[in-house]
Number of protein chains: 2
Amino acid sequence: MELRTLEYFVAVAEERSFTRAAARCHVVQPAISQRIRALEKELGEPLFERLPRQVVLTSGGAALLPHARACLAAAAAASLEFADRSGLLSGTLVLGTAGGLEGTSVPRLLGEYHRRYPGVQVRLTGAPSPVLMAQARSGEIDAAVIAEPPGGLPHGLGSRCLLEDRFVAVLPAGTRDPDHPMTLAEAARCPLIGYGSGSGAHAFVRDAFAAQGLQLDIAYATADIALQVTLVAEGIGIALTSYTNPLLRLDQRIVVVPLEPAIRLRKVLAWRLGNRPGPPLRAFLDLLTELPHTTHPTSATAEAPQDPQPAPQD
Amino acid sequence: MELRTLEYFVAVAEERSFTRAAARCHVVQPAISQRIRALEKELGEPLFERLPRQVVLTSGGAALLPHARACLAAAAAASLEFADRSGLLSGTLVLGTAGGLEGTSVPRLLGEYHRRYPGVQVRLTGAPSPVLMAQARSGEIDAAVIAEPPGGLPHGLGSRCLLEDRFVAVLPAGTRDPDHPMTLAEAARCPLIGYGSGSGAHAFVRDAFAAQGLQLDIAYATADIALQVTLVAEGIGIALTSYTNPLLRLDQRIVVVPLEPAIRLRKVLAWRLGNRPGPPLRAFLDLLTELPHTTHPTSATAEAPQDPQPAPQD
DNA sequence: TGGCTTTACGTTTATCGTAACGATG
DNA sequence: CATCGTTACGATAAACGTAAAGCCA
């Protein structure tokens, strides 16, 4: 009987579901199944009754639960005591991003994270999405905020959705009715400003164009949204960029138009899996589930465009 | 932080020694060192002060100790509760022996073991020492009572001394003064009765003879001490056998004479190591340390020649 | 020198993730 | 057929044992 096993057990008991318990513990579901089964074998009797719609404790499970809680509480108390001594939680959290943290709840998360764990050194690094994914897999960075690739994330990476985003067309103000969607064919006829082919976002637009038999030709490639907006304002062309950037709603020189059909992308936090994440990352993931954070762009960007961004300790 | 780690920690704290803690936990000493060090790294401060003559808790260690105890106590309470349900401890303990359990504390141990853990099925199997060692290494049996080979036990086996035994010469009664030791050379001139060359005990005598430039020639080979004694009583020859057999002190037809030089052998309990022993074996090993059992033959055999041998459930 | 702890290294074990299957509504 | 839990299997990481090296009497 090990602490981690009891942790899983309590999670299943409280969530009444193996799947949800796995999510809470940041592991895949079969891992929970196996260890619960091993525990049941060790104790000699089943702990849960697997019903079709939910999982309930057996009498044995009910008997174990208080002990398991007491055990975990004692361990937690010990951790807490040592956390007090050495600045709560210590360590380093290296977060990679391909840009576009604006509009997500990540800045607010980082603020809360920094308030709770001032002992953790948070480092932000920037790189294109593919590079970030490789770095996350190799353990060079703890996690990355990236757009989920069209083909799904590569193996060995876990993810959690941060934001359901979509691409929009950005045109000079006054040139178009904002409620009038733009077709991809129409966009393809204009000089295009957008993410370069090295970027992860590029693939989405390219695939969407290809699905319509169109070829994507980015005239001005940059990942800098401010620059994209400026280029549009200068009349260079139209930008295809993600909706959830505060600039798109603040800059008066431009108008934002939906695309038809919509090009959606999910911004996710991706991290390496294979062994349970270290304490700093685990705390971050826990924060992600704990804090109410919407994955819908409208409300998120409407309420906090100029969130006080915490200065990550470099 | 895992329960086993805390177990090691408490063991070191209570024993004030890594070595003794390792013995208590039935693992080798570096295993303790590593996990304690890992725990210290995890908590961010040393838990023990390694002094030349003893190990003492630091303030951090003292702070952890009560929590660790509480944690282990909760886990133990859980185990106990489930033990109550399904007959305390369940499982099987397979013990191998090459004969010669008489004179050791094993019978008494088995009695106490059976009283405490009636749910454990104890099975005794007999085989020559080399076979037993192989079976113990492969996990076919949980432990074996054997004579420690002259070259030491093979790798992968842990051991605990049960009895410091020695060989003696057994002669027909009245043919010799019991206080007059017999030299090996003298013995070599007689027809010899003893363990066959397949036996582990054989190697001891053969090596001792070889050290004196003598060759061991067993005329009648048997591991059955009763038969050996009978053969001696019949005047076939003299037996070279281990001292600690009650028969040698009960049978009036023979006389027991020390050898010069003495041929010593240590009867040990040997078990597989590499992963922590399972609960039945661990309980047995714990009993071995807990119960006062002398390793000196005289008192042991004097007080309990006809110990009520518990019938092992087959 | 001898006991005790640490370090380094190879091997074994265990855990986890993936994928495919089974059961249930 | 969609969801949830199980099983089988391969890959990765952790734990342990061995051997050899400090370290302090």
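Proteins get letters first, then strands, A, B, ... in listed order; numbering begins at 1 in each.
Of the candidate nucleotides C:dG17, D:dT7, C:dT13, C:dG17 has the atom nearest to the side chain of A:Val27. Counting only heavy atoms from C-beta on, B:Asn275 has its side chain closest to C:dA14 among C:dT5, C:dA14, D:dG5. Checking C:dT7, D:dG5, D:dA8 against every side-chain atom of A:Gln34, the shortest atom distance belongs to D:dA8. Counting only heavy atoms from C-beta on, A:Leu273 has its side chain closest to C:dT18 among C:dC16, C:dT5, C:dT18. Among the nucleotides C:dT5, C:dC16, D:dA19, the one closest to the side chain of B:Thr19 is C:dT5.
Comparing A:Tyr8 and B:Val55 against DNA chain C, the residue whose closest nucleotide sits nearer the 5' end is B:Val55. Where A:Arg4 and A:Gln54 meet DNA chain D, the nucleotide closest to each residue was compared, and A:Gln54 sits on the side nearer the 5' end. Taking the nucleotide of DNA chain C with the nearest heavy atom to each of B:Ser33 and A:Pro52, the more 5' of the two is matched to B:Ser33.
Across the protein-nucleic acid pair, B:Phe18 atom CZ and C:dT7 atom P stand 11 Å apart, rounded to whole Å. One can place CZ of B:Arg276 at 12 Å from P of D:dA15, the figure rounded to the nearest angstrom. Per the geometry, CD belonging to B:Gln29 stands 17 Å off P belonging to D:dG22, to the nearest Å. Between the P atom of C:dC4 and the CZ atom of B:Phe48 lies a distance of 17 Å, rounded to the nearest Å. Computed from coordinates, the B:Trp271 CH2 to D:dG17 P distance equals 11 Å when rounded to whole Å. Atoms CD1 (B:Ile36) and P (C:dT6) sit 9 Å apart, rounded to a whole Å. The distance from atom CD of B:Glu7 to atom P of D:dA15 is 14 Å, rounded to the nearest whole Å. Rounded to an integer number of Å, the gap from NZ of B:Lys41 to P of C:dT6 is 16 Å.
The side chain of B:Arg35 places an N or O atom within less than 4.0 Å of a non-bridging phosphate oxygen (OP1 or OP2) of D:dA15. Contact annotation: B:Arg53 does not reach the phosphate of C:dG3 (side-chain N/O to OP1 or OP2, under 4.0 Å). Between D:dT12 and A:Arg272, no contact under 4.0 Å exists linking OP1 or OP2 to a side-chain N or O. Here B:Arg50 does not reach the OP1 or OP2 of D:dC24: none of its side-chain N or O atoms lies under 4.0 Å away. Taking side-chain N and O atoms only, A:Ser17 has no distance below 4.0 Å to OP1 or OP2 of D:dC4. Contact annotation: B:His155 side-chain N/O to C:dT11 OP1/OP2 distance is not under 4.0 Å.
Note: A:Phe48 and A:Phe9 have tilted aromatic rings, judged against thresholds of 30 and 60 degrees for the angle between ring planes.
Contact check on A:Glu7 versus A:Arg35 returns no salt bridge, with no Lys/Arg side-chain nitrogen under 4.0 Å from an Asp/Glu carboxylate oxygen. Checked for salt-bridge contact, A:Arg50 and A:Glu40 meet the test: a charged N lies under 4.0 Å from a carboxylate O.
Of the candidates A:Ile141, A:Val122, A:Leu124, A:Val94 forms a side-chain contact (heavy atoms from CB on, under 4.5 Å) with just one, namely A:Ile141. Screening A:Arg24, A:His26, A:Glu290 for a side-chain contact (heavy atoms from CB on, under 4.5 Å) involving A:Leu285 leaves a single residue, A:His26.
At least one donor-acceptor pair closer than 3.5 Å links the side chain of A:Arg20 to the backbone N or O of A:Glu15.
Counting heavy atoms from C-beta outward, B:Leu47 and B:Leu57 have side chains that stay 4.5 Å or more apart. At least one side-chain heavy atom of B:Leu288 sits less than 4.5 Å from a side-chain heavy atom of B:Leu162.
Axis deviation across the helix from C:dT1-D:dA25 to C:dG25-D:dC1 amounts to 30°, comparing end segments of five pairs, rounded to 10 degrees.
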